[in-house]
Amino acid sequence: MNVLLTGCRSYTALDLARRFRACGWNVFAADSVKFPVCRGSRAVKKLFHVPSPREGYREFIDALSAVIRVEGIDVLLPTSEEIFYIAHSREELARYCRVFCDDFEVLKSLHNKWTFSLRTEGMSVKTPATKLLTSTDRLAELGDPSAFVFKPVYSRFASEALLAPSRFPEGFAPSLERPWIAQRYVRGRELCSYHLAADGEITASGSYEPLYRLGQASGYYFKPVQREKIDSFAAELVRKLDFTGHVAFDYIEEEDGTLHVLECNPRATSGLHLAGTAGLMRPFGRMGEGVPETSAKKFFGEGAALGAVDCGREPGELSTDHAPNNRPAGLAGQVRPASPVTLKPAETPRMIGYAMLGNPFYHGFRPAGIRRWFSDFHKGRDVLFSREDPWVPLLHAGSLAETVFDSLRKRTAFKDAATADIEWDGEDLNGGPDA
């Protein structure tokens, strides 16, 4: 099996690459940055630098098509926001391989925070009361702005979000061209979930609380949690849409246990690190073959690899075998019985280790705060480090340096520069209006 991962700058893509490789599949990777995190991974057979989909959509699709044809790719699996561009050309790319994502219009309706809020009407978990803002005239109707959270309908990483502001910043002007939403501000515990689905069925899940965060932006310490309401809501929506691909949600849980879903990310997110490998691999088995579970601690880190895949070799071994007849290595010539796919989340927290090390005073300078940080750090397992893949953390310095350079060159925040070339914010991809 030959798998092409796009968006390989992300830690989730690195995680997927390692799991596919541990199963004996050939992993190819593509990205529009020159130093993606997957660049230093032994799990990747070949890395391709492709044009930015945001700056050259047609060139990006043509480059992917060429890679797919030349390398004999069987499955194209997007992981980050380039998924919107790939979904828009899914029929074209599907002539050459299986494209594992849903229809563009479905992804668009989930990515758009306003249309997503409409989709939750009548469901077991709903968004807080949400209003669409297309002009400044509607602001006066809201009353006290501190009762709301304001976000552009297309945004990520809490970019530009106004959390219960006492007043609006200068220049704040929602418009038809760039609408915002006003969502009732709910206080509580922030939770997140990730799910992989195939034809309306969830095969893998990971839910967590982002205990450590960069301000309002992305978390870097992922404490596993389990909520029946999260599982049932995600299954309900996926079934309703007959959805295929990555889908993730952000929630607020009030003190009384009331759960609100805030927004949807139809791409891979950090909850993937907590998902069982058998479930992640299940949609890609040939002819519906089952892939049994084992431990693979050596490759993924002690205690951090629930549901790693047994492909006929020592746990975590990086095999160079090729799978004959397009079947995962270790399953060739035989069909092993399927093991039940467990959706139980991992119990070990996952973390971005260097981010944790960079702020040991997250809970303050008092000894109790430092002890709490040390305890959490000791419990967590790094998503970058692996004894079997030792060059990734070192070469990742190149990834960070490239993002810093882009941030300075474009005069934008680091977190925005990290995805600026692959983001899709509702821009027209057809030559006509696409709001």
Can you establish whether the number of heavy atoms outside [X] located under 6.0 Å from its atom [atom1] is more than 12?
X	atom1	result
Arg227	CZ	yes
Lys34	NZ	no
Phe405	CZ	no
Arg411	CZ	no
Glu91	CD	no
Arg167	CZ	no
Lys223	NZ	no
Lys131	NZ	no

Face-on cation placement of Arg350 at Phe222 ring, 6.0 Å and 45° thresholds
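Arg350 over Phe222 ring: no.
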Does the plane of the ring in [X] sit parallel, tilted or perpendicular to the ring in [Y]? Use 30° and 60° as the thresholds.
X	Y	answer
Trp373	Phe377	parallel
His88	Phe104	perpendicular
Tyr11	Tyr354	perpendicular
Tyr212	Tyr220	tilted
Tyr85	Tyr57	tilted
Phe249	Tyr251	tilted

Could you tell me which residues satisfy side-chain contact (heavy atoms from CB on, under 4.5 Å) with Ser80, sequence neighbours excluded, listed by chain and number?
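Counting only residues at least two positions away or on another chain, Ser80 forms a side-chain contact (heavy atoms from CB on, under 4.5 Å) with Glu82, Ile422.
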Thinking salt bridges, do [X] and [Y] make one under a 4.0 Å N-O criterion?
X	Y	value
Arg282	Glu201	yes
Arg54	Asp421	no
Arg18	Asp389	yes
Glu81	Arg9	no
Glu209	Arg189	yes

[Y] side chain reached by [X] side chain, heavy atoms, under 4.5 Å:
X	Y	result
Leu191	Val225	yes
Leu237	Phe116	yes
Asp250	Asn265	yes
Arg184	Val186	yes
Pro51	Glu55	no
Tyr362	Asp376	no
Val37	Leu384	yes
Ile352	Val383	yes

To the nearest 0.5 Å, what is the distance between [atom1] ([X]) and [atom2] ([Y])?
X	Y	atom1	atom2	value
His273	Leu14	NE2	CG	8.0 Å
Ile68	Cys97	CD1	SG	4.0 Å
Glu92	Ser89	CD	OG	5.0 Å
Leu5	Asp31	CG	CG	10.5 Å
Lys151	Leu162	NZ	CG	11.0 Å
Asn2	Lys45	CG	NZ	6.5 Å

Hey, mind stepping through Glu402 and Leu400 against side chain to side chain contact (heavy atoms under 4.5 Å, CB included) and telling me if it holds?
CA-CA 5 Å; Glu402 182 176 16; Leu400 299 175; over 6 Å; no
Between His260 and Glu253, do the side chains contain a donor N or O and an acceptor N or O under 3.5 Å apart?
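There is no such pair between these side chains.
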Within the distance-only criterion (no hydrogens, no angle test), does the side chain of [X] pair as donor or acceptor with the backbone N or O of [Y] below 3.5 angstrom?
X	Y	result
Trp424	Glu427	yes
Lys229	Gly257	yes
Glu71	Phe28	no
Thr258	Glu254	no
Thr203	Gly279	yes

Could you go through Leu110 and Lys108, starting from their C-alpha distance and side-chain angles, then the distance that decides it, and tell me whether this counts as side chain to side chain contact (heavy atoms under 4.5 Å, CB included)?
CA-CA 5 Å; Leu110 297 175; Lys108 174 183 172 183; over 6 Å; no
His195 vs Ser193, side-chain hydrogen bond (donor to acceptor under 3.5 Å, both in side chains): CA-CA, chis, key distance, verdict:
CA-CA 7 Å; His195 314 270; Ser193 72; 2.8 Å; yes
Assess the residue pair Glu160 and Ser155 against the criterion (side-chain hydrogen bond (donor to acceptor under 3.5 Å, both in side chains)); give the C-alpha distance rounded to whole Å, side-chain angles, the decisive distance to 0.1 Å, and a yes or no.
CA-CA 8 Å; Glu160 300 181 78; Ser155 57; over 6 Å; no
Residue pair [X] / [Y]: nearest heavy atoms and the distance that separates them:
X	Y	answer
Ala30	Leu47	N-CD1, 4.4 Å
Phe150	Pro145	CE1-O, 3.5 Å
Thr127	Thr120	N-OG1, 3.3 Å
Ala17	Ala43	O-CB, 3.6 Å
Ala13	Cys38	C-SG, 3.9 Å
Thr130	Pro128	OG1-O, 2.6 Å

Are Asp103 and Arg90 close enough, and set up right, to give a side chain to side chain contact (heavy atoms under 4.5 Å, CB included), and what steps lead you there?
CA-CA 8 Å; Asp103 179 75; Arg90 188 178 63 166; 3.9 Å; yes
Please check if the distance between the ring centroids of Phe100 and Phe284 is under 6.0 Å.
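Yes, close enough.
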List the steps and the verdict of side-chain hydrogen bond (donor to acceptor under 3.5 Å, both in side chains) for Tyr154 and His111.
CA-CA 7 Å; Tyr154 294 111; His111 183 41; over 6 Å; no
Passes side chain to side chain contact (heavy atoms under 4.5 Å, CB included), Trp180 versus Phe172? Steps please.
CA-CA 10 Å; Trp180 286 57; Phe172 179 70; 3.5 Å; yes
